[in-house]
Structures are given as C-alpha cells and as structure tokens.
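Notes follow the structure.
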Amino acid sequence: MKKKRALIFGVTGQDGAYLSKFLLNKNYIVFGVKRRSSIINTQRIDDIYEDINYKSNFVLLYGDLTDASSILNLIKKVNPNEIYNLAAQSHVKVSFEVPEYSADVNGLGTLRILEAIRSLNLEKKVKFYQAGTSEMFGKTKSKFQNEKTPFHPVSPYGVSKCFAHWITKNYRDAYGIYACNGILFNHESPIRGETFVTKKIIQGLVRIKQGLQKKLFLGNLYSKRDWGHARDYVEVMWKMLQQNKPDDFVIGTGKTFTIKDFVNKAAKKIKLDIRWTGKGIKEKAINIENKKIIIECRARYFRPLEVDYLKSNALRAKKILKWFPKKSLDNLIDEMIEHELENNND
Ligand code: NAP
Ligand code: F7E
C-alpha cells in the first residue's frame with residue numbers, strides 16, 4: 001500500500017517532534033517544515049533524523065508561515081494527504097510584546113495554508129489540522145470548558161488563535177475542506193520550551209537541589225491550568241483527521257491545578273522541603289533544610305491580563321474519537337524530573 005504523506009508546520013517544536021515520531025511509527029512519510037535560524041534549532045528532532053529506521057521517511061524542508069510563496073511551493077512539492085499546522089509564536093506573555101508578529105504567524109499563517117490548499121485545488125484531497133488552544137476561552141466564566149463554551153481571549157496570542165479557529169471553520173464550510181480545529185489545553189513534556197512555567201519550575205528546582213542554581217523567579221502562582229502530556233495530545237490530532245467528517249474537539253484532562261500546586265508537587269518529588277511565606281509579589285519559598293530563599297516572585301513574569309482558570313471537559317473526544325489521556329500530572333512531573341536529572345549528569 002502507498003504510504004501516506006504528512007506535512008508538519010512547526011516540526012522543530014515540542015508537538016512537532018512527538019507528532020513526527022507518532023506518524024513515522026504509523027508508516028507515514030513525514031515532511032517537516034523548519035524555518036531559518038541563526039543557530040541549529042533541530043535538537044528535538046535530531047534523534048529522528050539520525051535514526052536509520054526513519055531516515056528516508058523523514059524529510060526536512062525550509063519554509064515560514066509569514067511567507068505565502070514558501071507555503072504554496074511546499075504544499076505543491078510535497079502533495080500531502082494530511083497537513084498539521086503546529087507552527088506558532090506560542091508564548092502568551094511574548095505575544096503582548098510582539099502582537100503584530102504573533103497575529104501574522106498564528107492568524108494569517110493559518111489563512112495562508114488554507115489559501116494554498118484552495119489555490120492548488122486540493123480541497124477534496126488534503127486533510128488539515130489546526131492547533132487551537134484553551135487560551136481562546138480566556139476570561140471564561142464556565143466551570144469547565146467544552147466545544148460550546150464561548151471564546152473570550154485576553155491576549156494577542158489568544159485573539160490570533162481565534163482568527164485561526166474561525167478561518168479554519170470558514171474554509172471547511174465554504175469550500176468543503178476536511179479541516180479540524182483541536183482546542184487543546186496545556187500539554188507539557190521533558191522537551192517543553194524552557195520559558196513555559198512547568199519546564200522552568202522543574203529545571204529550576206532540580207538545579208537548585210544539585211547546587212547549580214540559587215533561586216527560581218516566577219510570576220502569578222495562583223492561575224489554574226489543566227496540564228496533560230504532549231505525547232497523548234499528538235495522538236488525538238491524528239485521530240481527528242481519521243474520522244468520516246471533520247469537526248472541532250476540546251482536548252484536556254479535566255483536572256486543574258495552580259502553579260503553586262505544581263511547584264509543591266515537584267519540590268516534594270525532588271525532595272526539597274519548602275515553606276511558603278509572604279503575600280502577593282512578596283510571596284517566596286524557603287528551603288527548610290538550609291533556611292535559604294529559593295523561590296521569589298518577579299513582576300516581569302506577570303502578564304497585562306491573565307487567564308485565571310482553565311478546566312476542560314473533553315467528553316466529546318472521549319465518545320467520538322475514543323481518546324483518553326494516559327498520563328496523569330504526577331506521571332508527567334516524574335518524567336520531566338527524570339529527564340532533567342539525566343541531562344544534568346551528562
Ligand atoms: P512550540 O514548541 O513553541 O513550537 C512552535 C513551532 O512553530 C516551532 O517549530 C517554531 O519554530 C515554529 N514556528 C514559529 N514561528 C514560525 C514561523 N514564522 N514559520 C514557521 N514555523 C514557525 O509549540 P508547541 O508547544 O509544540 O505547540 C504546537 C502548537 O500548538 C502551537 O501552534 C501552539 O500555539 C499550539 N498549542 C500548544 C499548546 C501547549 O500547551 N503546548 C496548547 C494548545 C495549543 P522554531 O523551533 O524555529 O522556533
Ligand atoms: O504559563 C503562570 C502564567 O507560559 C502558565 C502555551 O503552550 O498553554 C501555554 O500557555 C501559567 C500562566 O503557559 C511564570 O502567568 C507564573 O498563568 O507555561 P505558561 P500558558 O500561558 O498557559 C496554552 C494552552 C497555549 O496554547 C500556549 O501556546 O503560569 N506563570 N510564573 C508563569 N508562566 C511563565 N511562562 N513563566 C513564569 O515564570
């Protein structure tokens with residue numbers, strides 16, 4: 001049987017790396033799009049590239065979501081069965097600093113892919129996955145969020161992803177493209193970017209325990225997030241593209257924890273005995289063993305507007321896609337700590 005061809009925008013990111021491996025193991029030929037960078041940025045996929053079992057099935061190509069011609073040429077050249085748009089300026093805080101760029105990549109970038117599909121008359125040939133986000137719910141009043149919960153984004157990132165969501169739905173309805181929006185809640189892993197809070201906490205606490213770092217500086221400790229494992233979440237991206245008809249799905253664990261809960265869980269596992277003291281920006285954590293302050297809050301890590309509370313209801317995905325998250329938050333933290341310990345012992 002002829003192998004399916006998948007084109008992944010954002011292949012060098014966390015999800016791009018997990019999805020590539022997942023699809024290669026399903027016998028796909030994977031074409032990954034990386035953008036030009038001044039230093040090598042393929043660390044997350046180097047093991048795939050070097051793996052002799054994958055080699056001829058894993059192809060890296062240059063492209064950029066801000067460049068419509070590169071997108072068109074790539075799709076023409078690859079002639080994919082499935083396109084996964086995982087590329088984004090994905091940092092919420094940074095989106096307040098580069099709002100126009102975030103809108104260009106995340107919003108217009110998605111439109112550029114859809115337009116390329118249309119210009120090449122591939123509407124009935126190619127399936128499209130759009131990486132949507134719980135950040136679109138923003139200042140939500142709902143106790144849990146599902147496909148019916150209204151969007152109320154509160155960052156340039158969230159707003160740009162709402163545009164991408166609606167334009168994907170628009171091209172599905174107007175032109176009959178098999179296009180799906182995944183509305184994914186936070187998902188993390190050992191290869192999570194270092195400026196996202198879970199990775200920053202694990203990396204910081206492990207290094208403090210090992211005497212390699214003195215303090216960890218954080219922002220808002222009281223926002224609540226629904227954290228899952230990226231490996232579980234890439235599987236469901238693929239599942240969405242294997243149905244009889246395209247649809248949008250909320251994906252999450254249904255459990256929510258504060259940043260402080262995450263710190264407490266991680267510290268306990270790393271065997272750092274901590275005590276919290278102070279309030280607001282002055283809140284800090286002290287290492288009980290040596291009485292040293294190891295966590296402090298800094299204003300620079302707070303956002304102009306915050307998404308305070310996220311908790312998913314992924315019942316539809318469970319029912320229709322038969323998707324269930326396999327990893328708990330404790331499993332996730334254990335894996336992230338193990339990875340950090342291995343890394344620091346190299
Ligand atoms: P990530 O690690 O930040 O990866 C983003 C990818 O997009 C990287 O490969 C990056 O390339 C690429 N990229 C950025 N700007 C680009 C441009 N102009 N042209 C082409 N590629 C570009 O993000 P992730 O955590 O894997 O998330 C994947 C997608 O899901 C993103 O769209 C994100 O917004 C969305 N999402 C993530 C989560 C989550 O919790 N992880 C939840 C919901 C939705 P470089 O490596 O060169 O920077
Ligand atoms: O922040 C708080 C911060 O940056 C989580 C992206 O993948 O998930 C991610 O967006 C929370 C926020 O993720 C620090 O204020 C405290 O309340 O890890 P984060 P995010 O903003 O939820 C969604 C679903 C996406 O789609 C995004 O692409 O943690 N927080 N102190 C901090 N956050 C950071 N980054 N750094 C801190 O020092």
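For ligands, and for the atoms within them, numbers begin at 1 and follow the listed sequence. Keep in mind that this is a model prediction, so the values were computed, not measured. One is the number of the first residue; the rest follow in order along the sequence.
Residue contacts with ligand 1 for F196 are absent, since no atom lies close enough (heavy atoms, distance under 4.0 Å). Residue Y101 touches ligand 1 through its side chain alone, judged by heavy-atom distances below 4.0 Å. Using a 4.0 Å cut-off between heavy atoms, V197 contacts ligand 2 through both its backbone and its side chain. With a 4.0 Å heavy-atom cut-off, ligand 1 is reached by no atom of K34. When non-hydrogen atoms are compared, ligand 1 lies under 4.0 Å from the side chain of V105 (C-beta onward) but not from its backbone. At a heavy-atom cutoff of 4.0 Å, ligand 1 is contacted by the side chain of R192 but not by its backbone.
Distances from atom 7 (O) of ligand 1 to the heavy atoms of G193, G228, A88, G13 put A88 nearest. Comparing R303, K93, K224 by heavy-atom distance to atom 19 (P) of ligand 2, the nearest is R303.
Of all atoms in ligand 2, numbered sequentially from 1 with element shown, those under 4.0 Å from a heavy atom of S90 are 6 (C), 27 (C), 28 (O). Near V92, with a cut-off below 4.0 Å to any heavy atom, the atoms of ligand 2 are 10 (O), 21 (O). The G219 neighbourhood of ligand 2 comprises atoms 14 (C), 16 (C), 31 (N), 38 (O), with distances under 4.0 Å to a heavy atom of that residue. Each of the following atoms of ligand 2 lies closer than 4.0 Å to a heavy atom of E135: 22 (O), 23 (C). Counting the atoms of ligand 2 from 1 in the order shown, those under 4.0 Å from a heavy atom of E306 are 3 (C), 12 (C), 15 (O), 17 (O). Listed by number with element, the atoms of ligand 2 under 4.0 angstrom from any heavy atom of Y301 are 38 (O). Ligand 2 places these atoms under 4.0 Å from at least one heavy atom of S134: 24 (C).
The protein atom (non-hydrogen) at minimum distance from atom 38 (C) of ligand 1 is H187 CE1, 3.2 Å. Scanning the protein for heavy atoms near atom 34 (O) of ligand 1, the closest one is Y157 OH, 2.5 Å. Looking at atom 6 (C) of ligand 1, its nearest protein heavy atom turns out to be G10 CA, 3.7 Å. Looking only at protein heavy atoms, the nearest one to atom 20 (C) of ligand 1 is L65 N, 3.6 Å. Protein heavy atom nearest atom 11 (O) of ligand 1, with residue, atom name and distance: T12 OG1, 3.3 Å. Among protein heavy atoms, atom 3 (O) of ligand 1 sits closest to S90 OG, 2.7 Å.
Annotation: R225 places an N or O atom under 3.5 Å from an N or O atom of ligand 2; distance criterion only.
Taking the six-membered ring for Trp and the full ring otherwise, Y84 and F9 have centroids separated by 6.0 Å or more.
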